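What follows is a set of notes on a single structure, which appears directly below.
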Amino acid sequence: MQPLIDALIFIVDDDASVREALAWLLRSRRLMSEHFENAEAFEERLAHDHSIDAPVQPRCLLLDVRMPGTSGLVLFDRLAARGLLEAMPVIFLTGHADVPTAVDLVKRGAFDFCEKPFSDNALVDRIEQALGASLRAIERQRERLRLTNRMTELTERERDVMRLVVEGLPNKLIADQLAISVRTVEVHRARVFEKMEVKSAVELANLLRGI
C-alpha cells in the first residue's frame, strides 16, 4: 500500500540508537514519527493529546517490551484498558525472542511482535498495514459518532417505534403494543427512516449494529 502522508508513528524504546534508526527508516519512507525513551514520557505525551480518544490521523505504536521503569507490557495493558488499541495498533519490538509472550500479546490485541534485529522492509510493511487498520478504525469511530448523533434527534416515541421496527414487528402489532393508531406508527416510522437516513427496516437494523 502507499504510505499514508498524514500518519504518525510513535516509537517508545529506551535504546537511543534504535529510536534514531527507526526514525531515519520512517523518514526515508516519508512517514512521520515521534520517539520517546520510556513509557512515562509517552504517557505524558498522551496526557496532552486531546484527540487521543477520537484521533483524526492514522497512527501506530512501536513499543519495546523491556524498558527501565514502566515496561512495554504494562504500558500496553494501560492502553488496552483505555480502549486505544483499535485506532493505535501496537507493534512490539524486542531483542529477546519469546514465542509464548508474542502469541499472548497478539491474542490480547497487539498488532504484531517483531524481534530485533528486524528487516527494514518487513517492518515498514507491517507498519503500513497497522496504519491501514488504524484508518479503518477511525472511520468506524466516525460512523458510530454520526449514528449516535442521528439517534439523539429521535423523539422518545420514535425510539420506541424504531426498536419494534428493528425487532421485525409489523405496523399493526407496533400500534397495539404502543397503544397508538396504525397511522401514527406509519408517521413515526417514516420520520425514523428519514432521520436515520435509511429506506428499509433491514437497512435500519444493519445500521444499528454499528453502534
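Keep in mind it's a predicted model, so treat the numbers as computed, not measured.
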M32 reachable from I138 in the ILVMFWY side-chain graph, under 4.5 Å edges: no
Flag, side chain of R150 to backbone of M196, donor-acceptor distance under 3.5 Å: yes
Atom pair CD/CG of Q177 and D160 - distance to nearest 0.5 Å: 10.0 Å
Rounded distance (nearest 0.5 Å) linking atom CD1 of I11 with atom CG of L61: 9.5 Å
From CD (E128) to CG (L31), nearest 0.5 Å: 6.0 Å
Verify same cluster id: M162, L173 (apolar side-chain graph, 4.5 Å): yes
Nearest-0.5 Å distance that lies between atom CE in M67 and atom CD in E37: 10.5 Å
Single-linkage hydrophobic cluster, 4.5 Å side-chain cutoff, V202 and L204 together: no
Worked verdict on D64 versus V12 for side chain to side chain contact (heavy atoms under 4.5 Å, CB included): CA-CA 6 Å; D64 191 17; V12 180; over 6 Å; no
Ring centers of F76, F92 separated by less than 6.0 Å: yes
Partners passing salt bridge (charged side-chain N to carboxylate O under 4.0 Å, His left out) against E194 (at least two apart in sequence or in another chain): none
Common cluster, V56/L135, ILVMFWY with side-chain heavy-atom separation under 4.5 Å: no
Hphob cluster co-occupancy, I180 + V187, side-chain heavy atoms under 4.5 angstrom: no
Listed partners of E40 passing salt bridge (charged side-chain N to carboxylate O under 4.0 Å, His left out), at least two apart: none
Donor-acceptor pair between Q141 and R144 side chains, under 3.5 angstrom: no
N121 versus S119, side-chain donor and acceptor atoms under 3.5 Å: no
Flag side-chain contact, heavy atom, 4.5 Å: P68 against N38: no
Pairwise distance CG(L46) to CD(E44) - rounded to 0.5 angstrom: 9.5 Å
Nearest-0.5 Å distance that lies between atom CD in E115 and atom CZ in F113: 8.0 Å
I127 vs I9 side-chain heavy atoms within contact, under 4.5 Å: yes
Least distance between heavy atoms, R82 atom then I52 atom: NH2-CG2, 3.7 Å
